[in-house]
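Data block below; observations after.
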Amino acid sequence: MANGAVLEDENEMVPPSKTVHEMALDGDEPPPRYFVKQSKFGLIDASPPLASIPTIDISLLSSNDDEELEKLRSALINSWGCFQAIGHGIPSSYLNKVRDVAREFFQLPKEEKKKCYRRSDNDSEGYGGDKILSEKQILDWSDRLSLKVLPQDERRLELWPETPTGFGGIIHEYSMKIKVIQDLLFKAIAKLLNLEENSFLNQFGERAILTARFNFYPPSPKPNQVLGLKPHSDKSGFTVLLQNEVEGLQILKDNMWFRVATIPHALVINVGDQMQIMSNGTIKSPVHRAVTNSEMLRISVSISNEAEKDKEIGPVDGLIDEKRPRLYRNVKNYAAINLECFQKGEVAIETVQV
Ligand SMILES: O=C(O)CCC(=O)C(=O)O
Ligand SMILES: [Fe+2]
């Protein structure tokens, strides 16, 4: 996690009394703890150039289509670490259903959403605003619902929304569809790097973690001064992001921000830190953020995978040689390392370098 935004005055570690959605509905000015005062990434620019990330038909990857594999190489190796996936086999009508239930959940009355509230301030699951992890933290102009989907016996179903009807079933079904895509990508990348097909997949283990996160970014009265989601790299293997029609995702490359387009039937695939570690830095997890706008509601749904908590992950042997020495040590429970680093304002991936 690249903690790029730090406040000068320390805040108490108390969560705000209103959710971002409530402040937006009431027409409140964002409180000072939401303002990005100082950032190593510079000022917020809502319209930087468009990222030239490729659109890849992932149905062609399993049939070893050379052209599509080359596109994957150009997207991931010494490049963006991000691409738009089409040919994923999920009908547009189904993607719209996921977008619809997400919006319907966030627009429920407070009393209904309260059932899904995080049970404590530092709970990573459930509904709420930015989790308060440090006194210096700048808060994000967004509300979220995070739920662990796998392992299935670790689901905290008491936090899963009962309304809109069928939401739980859709979370399950959609996440399983995305898992198939993630597994296919791990195999395609292994092939691309001349590795045994399961070199990455096996590292995730039988009880790999899959998390669904619904992000709700209401219109913001100060889009140039607050961020929807602060700069970070994902702690996952891969994150698969579904956006609504409103742009907001930005990706950092060569110290410059680029906008990621919204393509209605495409899913944005982002490399996460765990893939960077396993690929010995051959593939990098991009720093990205979400900006807000003053008029439109933005919603995104991210599905991310992580290795089983107690399983050690590390660079694949075939990617370590004299020319490419090992860059990362083997690590367990990267999520905990990531969280600790966020609290200290450190970049997690840098702390696991050898
Ligand atoms: O909403 C977005 O565009 C970004 C979401 C994201 O980066 C995340 O959930 O990790
Ligand atoms: Fe992210």
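First listed ligand is number 1; within each ligand, the first listed atom is number 1. All values reported here derive from a predicted model rather than from experimental measurement.
No donor-acceptor contact under 3.5 angstrom links the side chains of Ser304 and Thr239, judged on distance only. Side chains of Gln250 and Arg259: no donor on one and acceptor on the other come within 3.5 Å.
For the salt bridge (charged side-chain N to carboxylate O under 4.0 Å, His left out) test with Arg207, the passing option among Glu308, Glu154, Glu306 is Glu154; the others fail.
Taking atom 8 (C) of ligand 1 as the reference point, the nearest protein heavy-atom neighbour is Arg213 NH2, 3.4 Å.
For Asp57 (side chain) and Ser59 (main-chain N/O), a donor-acceptor pair under 3.5 Å exists by modelled atom type. Panel note: side chain Arg155, backbone Val149; a donor-acceptor pair is recorded below 3.5 Å. Judged by distance alone, with hydrogens and angles left aside, the side-chain atoms of Tyr334 form a donor-acceptor pair with the main-chain N or O of Ile349 at under 3.5 Å. The backbone N or O of Ser285 lies less than 3.5 Å from no partner atom in the side chain of Ser233, so there is not a single donor-acceptor pair.
Its N, O or S atom nearest to the Fe ion (ligand 2) is what matters here, and for Asp234 that atom is OD1.
The shortest separation from a heavy atom of Arg298 to ligand 1 is under 4.0 Å, placing the residue in contact. Residue contacts with ligand 1 leave out Arg289, since none of its heavy atoms falls under 4.0 Å from the ligand.
Contacts of Leu229 with ligand 1, taken as heavy-atom pairs under 4.0 Å, involve the side chain alone. Heavy atoms of Val260 found under 4.0 angstrom from ligand 1: none, in either backbone or side chain.
Heavy-atom contacts of Tyr217 reach the following atoms of ligand 1: 1 (O), 2 (C), 4 (C), 5 (C) (cutoff under 4.0 Å). Near Leu241, with a cut-off below 4.0 Å to any heavy atom, the atoms of ligand 1 are 2 (C), 3 (O), 5 (C). Listed by number with element, the atoms of ligand 1 under 4.0 Å from a non-hydrogen atom of His288 are 7 (O). Ligand-side atoms of ligand 1 in range of Asn215: 1 (O), 5 (C), 9 (O), range being under 4.0 angstrom from any heavy atom.
Clustering ILVMFWY residues whenever any of their side-chain heavy atoms sit less than 4.5 angstrom apart, transitively, puts Tyr94 in the very cluster that holds Ile181.
Centred on the Fe ion (ligand 2), the angle running from His288 (NE2) to His232 (NE2) is recorded as 90°, rounding to 10°.
Inclusion of Thr239 in the set of residues having an N or O under 3.5 Å from an N or O of ligand 1 is not warranted. For Ser300, a nitrogen or oxygen atom sits less than 3.5 Å from a nitrogen or oxygen atom of ligand 1, counting backbone and side chain alike.
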